[in-house]
Amino acid sequence: MAPVSSNTSQEAYDYLVIGGGSGGLASARRAAGVYGQKVAIVEGSGRLGGTCVNVGCVPKKVMWYTADLASKLREAPEYGFTDVRHDAKSFDWSMIKNKRDSYVKRLNGIYEKNLDKDSVEWISGYAKFTGKPGEVEVDMHDGSGKKTVSAKKILIAVGGAPNKPSGIPGAELGINSDGFFELEKQPERVLIVGAGYIAVEFAGIFNALGSQTHMFIRHDKFLRPFDPLVQDTIVENYENDGIKLHRKTNATKLEKTSSGRINVTYKSEYDGESSIEVDTVIWAIGRTPETDRLNLESVGVKTNKSKYVEVDEYQNTNVENVYALGDVCGKVELTPVAIAAGRKLADRLFGNQPDAKLDYDLIPSVVFAHPEVGNCGLTQPQAEEKYGKDNIKVYTETYNGMYYAVLDHKVPTKLKMICAGPEEKVVGLHIIGQSMSEVLQGFAVAMKMGATRKDFNACVAIHPTSAEDLVLLK
């Protein structure tokens, strides 16, 4: 369904969704396609799919596959493919960018067709509350004016946007994570500022593709919300792979050089003040919810000091018939979480399921680092705090996967299982190594069902795999 224009002054709906990302689309389609509600979705970017499809998970995973293939090409001669090689000169960045962008555009079209199939109207523009209950005004994307829309129920699912650095002269010379997907050529030297999973994933991609890669982090380790095993292992692997990690370091000034590069002045607790010269600087310093333009105060919707919309366990805001979910709430900022929450909300509002809500416990997640990281449940420090150090048992294993048996360069696989109580219920699982993103999903199902270590051990192993060691831990 093509987006509508402002050909009428006001439209009324059963359900209005503000934000055309994964969570909003899932909720809108469930309400209309399953429960027959009159639904509209407002999206101002001009394309559907939100961060994940356009500048997040999907195009990022394409680049991760590209980088992973580059690594395998370098390793191929040790498997007997003696004429195969990879270096930066043999890689065509613009080619994969064009193919990746075409794939994303196809997905945009698929989302539009799905809305049409479920009879969801797409209003292309930016919405804000007018101050009247159940009413928003949309500034139309096509320039056709403003459109007033009313609905019995309104969902806020506008997601977030990359943070911008403040107080750093020349910061505008850098780009954010969205800008990564606009790069027309591969930088020879790149600096990534940040210590979260986005920074780590980008660093792994650039390094595998042959860019000289620097990271500025404010502490000694990155991925600090993750289990210590994950932090220690990925930091060690990245440094072994040649990524230049600048610990306890902050950029203080960026300047354009006569050669067109960027000179970055920085201060480090270890090295004092110095500078490096790079082609590209990427700010990966967190994200902020896109709530400023919504005029939430006009209807009294509460946000916290970080601008996230406050909701209860059922995605209710403090205002009747106004709901919020996904990254705009800041609880668990993952695409599948927003999708699941959106469908549960539609079930509750329109499907006569008054208790329907998303269970936010034991949500699996992955980091597409090099190697991959999978997590589900509590970290060891969290488990010790919740259950007491004497009431948990931790099982670990470190080994080289069979893939590396004939390679000189080894990347160890590491596993950690955290169990609680005398029954040894599995409350945390942290796995690092090849294909661990694929391995985790099935084990997360077992954990959601309350599996114990005994249940894991009762399963016959699949040999030879890395996953088998999770059912053999002792």
To the nearest 0.5 Å, tell me how far Q186 CD sits from I205 CD1.
11.0 Å
Can the ring centroids of F368 and F202 be said to lie less than 6.0 angstrom from one another?
no
Just checking, is any N or O donor in the side chain of E137 or T130 under 3.5 Å from an acceptor N or O on the other one?
no
Run the salt bridge (charged side-chain N to carboxylate O under 4.0 Å, His left out) check on E236 and K221 step by step: do they pass?
CA-CA 10 Å; E236 180 181 0; K221 301 175 184 178; over 6 Å; no
Minimum heavy-atom separation for S94 and D92, please, with both atom names.
OG-OD1, 2.7 Å
Cationic tip of R453 above Y395 ring, under 6.0 Å, 45° of axis
yes
For the NZ atom on K244, are there more than 12 heavy atoms of other groups (residues, nucleotides or ligands in this structure) within a distance under 6.0 Å?
no
Are D359 and K448 ion-paired here, with the side-chain N under 4.0 Å from a carboxylate O?
yes
Could you tell me whether D279 and R261 have a side-chain N and a carboxylate O separated by less than 4.0 Å?
yes
Test item: side-chain donor near acceptor, S274 and D271, under 3.5 Å:
no
If only atom types and distance count, is the side chain of R224 paired as donor or acceptor with the main-chain N or O of A195 below 3.5 Å?
no
For the NZ atom on K128, are there more than 12 heavy atoms of other groups (residues, nucleotides or ligands in this structure) within a distance under 6.0 Å?
no
Do the side chain of Q231 and the main chain of F226 share a donor and acceptor less than 3.5 angstrom apart?
yes
N108 versus N54, side-chain donor and acceptor atoms under 3.5 Å:
yes
Is K60 paired with E201 through a side-chain N to carboxylate O contact shorter than 4.0 Å?
yes
Without swapping roles, check the side chain of W64 against the backbone of H370 for a donor-acceptor pair under 3.5 Å.
no
Verify whether the ring centers belonging to Y323 and Y314 lie closer than 6.0 Å.
no
Nearest 0.5 angstrom please: E112 CD to W122 CH2, how far?
5.0 Å
Closest non-hydrogen atoms of V235 and R247, given as atom of the first, atom of the second and distance, are CG1-NH2, 3.3 Å
Say whether, by atom type as modelled, one donor and one acceptor occur between the side chain of T233 and the main chain of L229 under 3.5 angstrom.
yes
Does the cation-pi check pass for R293 over Y126, that is, NZ or CZ under 6.0 Å from the six-membered ring centre and within 45° of its axis?
yes
Would K410 and Y404 count as a cation-pi pair here, with the cationic atom under 6.0 angstrom from the ring centre and within 45° of the axis?
no
Keeping the roles fixed (side chain from T317, backbone from V322), state whether a donor-acceptor pair exists under 3.5 Å.
yes
Ignoring hydrogens and geometry, is there a side-chain-to-backbone donor-acceptor pair from T288 to N163 under 3.5 Å?
no
What do you reckon, is OH of Y399 surrounded by more than 12 foreign heavy atoms closer than 6.0 Å?
yes
Salt-bridge criterion met for D101 and K97 (N-O under 4.0 Å):
yes
Quick one: closest heavy-atom pair of V17 and G24, and the distance?
CG1-CA, 3.5 Å
Tell me the closest heavy-atom pair linking G242 and N207, and the distance in Å.
C-OD1, 4.1 Å
May I ask you to check whether T213 and S211 show a side-chain donor-acceptor distance below 3.5 Å?
no
Tell me, with the steps shown, if K302 and E310 meet salt bridge (charged side-chain N to carboxylate O under 4.0 Å, His left out).
CA-CA 6 Å; K302 289 184 179 179; E310 295 183 354; 5.6 Å; no
I'd like to know if the side chain of T249 reaches the main chain of S268, judged simply by a donor and an acceptor atom lying under 3.5 Å from each other, with no hydrogens or angles considered.
no
For D312, does the CG atom have more than 12 heavy-atom neighbours from other residues, nucleotides or ligands under 6.0 Å away?
yes
Go through the side-chain N and O atoms of S45 and E43 and say whether any donor and acceptor fall under 3.5 Å apart.
yes
Counting neighbours of NZ on K61 that are heavy atoms of other residues, nucleotides or ligands and sit closer than 6.0 Å, is the number greater than 12?
yes
Any idea which heavy atoms bring V84 and P77 closest together, and the distance?
O-CG, 3.3 Å
Under 6.0 Å between the ring centres of F456 and F443?
yes
Test your reading of the model: is there a side-chain donor-acceptor pair from W283 to the backbone of G194, 3.5 Å cut-off?
no
Tell me whether S27 contacts the main-chain N or O of G342 through its side chain, where contact means a donor paired with an acceptor under 3.5 Å.
yes
Please answer whether the main-chain N or O of A284 pairs with a side-chain N or O of N176 as donor and acceptor at a distance below 3.5 Å.
no
I need the single residue from Q380, K416, Q382 that forms a side chain to side chain donor-acceptor pair (under 3.5 Å) with D227. Which is it?
K416
Can a side-chain donor-acceptor contact be found between K99 and Y103 if the only test is distance below 3.5 angstrom?
no
Without hydrogens or angle criteria, can the side chains of S466 and Q434 be said to hold a donor-acceptor pair below 3.5 Å?
no
Is the terminal nitrogen or CZ of K331 (NZ for Lys, CZ for Arg) located under 6.0 angstrom from the six-membered ring centre of Y360 and within 45° of that ring's axis?
yes
Within a reach of under 6.0 Å around NZ of K414, are more than 12 heavy atoms found that belong to other residues, nucleotides or ligands?
yes
Nearest atoms (heavy-atom pairs only) where Q315 meets C329
NE2-SG, 4.5 Å
